[in-house]
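Written below as structure tokens is the structure these notes are about.
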Amino acid sequence: MGFVCNGRYVLEPASADDAEKYVNLLHDCMEETYSAMADPGFMVRRRAARDESIEEFMEEVNGPGVRCFLAYEVPSWTSQGGLSCAVGADIEWDAPVGLALSSLGPQEWESEMPVVPVVAGTRDLSQLYTRASTHGTGLGEALLRAVLADDEPAYLWYIGGNERAKRFYEKFGFQDEGIFGECGGTWGVPDGEPGQPLQTARMFRGDVVLQ
């Protein structure tokens with residue numbers, strides 16, 4: 001267990017036992033993040049595939065080289081009290097407010113993107129989300145540093161139109177490749193449903209080698 005942001009949050013490594021609360025938080029954060037960007041059926045599809053997402057997480061978190069953390073609020077934290085208020089606090093362990101996961105890429109779905117793949121074993125920042133209520137508190141940075149070493153070569157994918165996320169990653173050395181591809185799976189729009197499919201693009205940090 002590690003206190004971050006002057007004792008405001010606790011970061012804990014996540015395991016397969018955390019699959020349900022991890023995916024529940026992931027979906028809540030996705031709804032907060034993409035509701036204004038995605039098609040009307042996006043979250044309906046995501047939540048309908050909850051069981052599949054739980055199985056995927058359980059498999060992924062046990063993979064080689066995976067780093068995964070969940071973040072929790074400290075109820076007794078105050079801006080004046082700092083870390084001392086967190087010691088012995090009654091943390092709501094069933095209610096995380098942030099998550100991050102990095103793994104070794106490339107991922108299978110990346111082969112469908114219009115880009116040159118990264119060399120196998122390159123660090124992929126697969127997921128980083130925090131509840132909107134925590135934005136601007138430093139939690140996102142703490143989670144990023146928990147799953148990526150300082151200046152570690154890495155890459156990530158972000159959704160087109162999410163300029164807040166893009167600016168955040170640029171602060172930590174990521175540069176936009178600028179080549180967008182259409183999202184598939186539950187991120188796409190099935191034939192006959194309204195709305196435009198989401199677009200995704202890759203960002204790099206450090207000396208990432210392409211195949």
Of the non-hydrogen atoms in Q211 and V118, which two are nearest, and what is the gap between them?
NE2-O, 2.9 Å
Would you indicate whether the side-chain heavy atoms of L125 and L144 approach each other to under 4.5 Å?
yes
Under a 4.5 Å side-chain heavy-atom rule over Ile, Leu, Val, Met, Phe, Trp and Tyr, are V119 and I179 clustered together?
no
With distance as the sole test, does Q127 use its side chain to make a donor-acceptor pair with the main-chain N or O of A100 at under 3.5 Å?
no
Please say yes or no: joined through hydrophobic side-chain contacts below 4.5 Å, possibly via intermediate residues, are Y155 and L210 part of one cluster?
yes
Does any pair with a residue in residues 97-124 pass ring pair (Phe, Tyr, Trp, His ring centres under 6.0 Å), and if so which ones, sequence neighbours excluded?
W109-W157
Under the rule for side chain to side chain contact (heavy atoms under 4.5 Å, CB included), what residues qualify as partners of R47, not counting sequence neighbours?
H27, D28, E31, M43
Heavy-atom closest pair, residues P106 and A120:
CD-CA, 3.7 Å
Shortest non-hydrogen pair, L99 vs Y22, comes out as CD1-OH, 3.3 Å
Mark yes or no for whether S103, through its side chain, and V66, through its backbone, hold a donor-acceptor pair below 3.5 Å.
no
Okay, side chain of E177, backbone of M203: is any donor-acceptor separation there less than 3.5 Å?
no
Once rounded to the nearest 0.5 Å, what's the spacing between atom CZ of R131 and atom OG1 of T33?
10.5 Å
Could you give the side-chain donor-acceptor pairs of residues 51-62 under 3.5 Å, partners two or more places apart or in another chain?
residue, atom, partner, partner atom, Å
S53, OG, A49, O, 3.2
N62, ND2, M58, O, 3.0

Is there a path of hydrophobic side-chain contacts, each under 4.5 Å between heavy atoms of I, L, V, M, F, W or Y residues, that connects M113 with L104?
no
Would I91 end up clustered with L25 when hydrophobic side chains under 4.5 Å apart are linked, directly or stepwise?
yes
Roughly how far apart are T134 OG1 and L143 CG, rounded to 0.5 Å?
8.5 Å
Closest heavy-atom pair and its distance - G7, V74
O-CG2, 3.4 Å
Any donor-acceptor N/O pair, R205 side chain to E152 backbone, under 3.5 Å:
yes
Non-neighbouring partners of Y129 that pass ring pair (Phe, Tyr, Trp, His ring centres under 6.0 Å), sequence neighbours left out:
none
What is the minimum heavy-atom distance between L11 and A71, and which atoms define it?
CD1-CB, 3.7 Å
Compare every heavy atom of C68 with every heavy atom of L101, then report the nearest pair and how far apart it is.
CD1-SG, 3.7 Å
Keeping the roles fixed (side chain from N24, backbone from E20), state whether a donor-acceptor pair exists under 3.5 Å.
yes
Kindly compute the distance separating CZ (R123) from OG (S126), expressed to the nearest 0.5 Å.
8.5 Å
Residues two or more places apart in sequence or in another chain: which of them pass ring pair (Phe, Tyr, Trp, His ring centres under 6.0 Å) with F204?
none
Are there more than 12 heavy atoms of other residues, nucleotides or ligands under 6.0 Å from atom CD of E108?
no
Measuring from D176:CG to K166:NZ, what's the distance to the nearest 0.5 Å?
4.5 Å
For a quick test of your reading: what N or O donor-acceptor pairs under 3.5 Å do the side chains of residues 185-199 make, sequence neighbours left out?
residue, atom, partner, partner atom, Å
T186, OG1, R46, NH1, 2.9
E193, OE1, R45, NH1, 3.3

Starting at OG1 of T130, measure out to CZ of F168 and round the result to the nearest 0.5 Å.
8.0 Å
Under 3.5 Å, is there a donor-acceptor pair between the side chain of N162 and the main chain of I159?
no
R8 side chain near L139 side chain, heavy-atom distance below 4.5 Å:
no
Could you tell me the separation between the CD atom of E32 and the OG atom of S133, rounded to the nearest 0.5 Å?
7.0 Å
Mark yes or no for whether R67, through its side chain, and V147, through its backbone, hold a donor-acceptor pair below 3.5 Å.
yes
If hydrophobic clusters are built from ILVMFWY residues whose side chains come within less than 4.5 Å, do L156 and F172 share one?
yes
Do you know which of W93, Y9, F3 makes ring pair (Phe, Tyr, Trp, His ring centres under 6.0 Å) with Y72?
W93
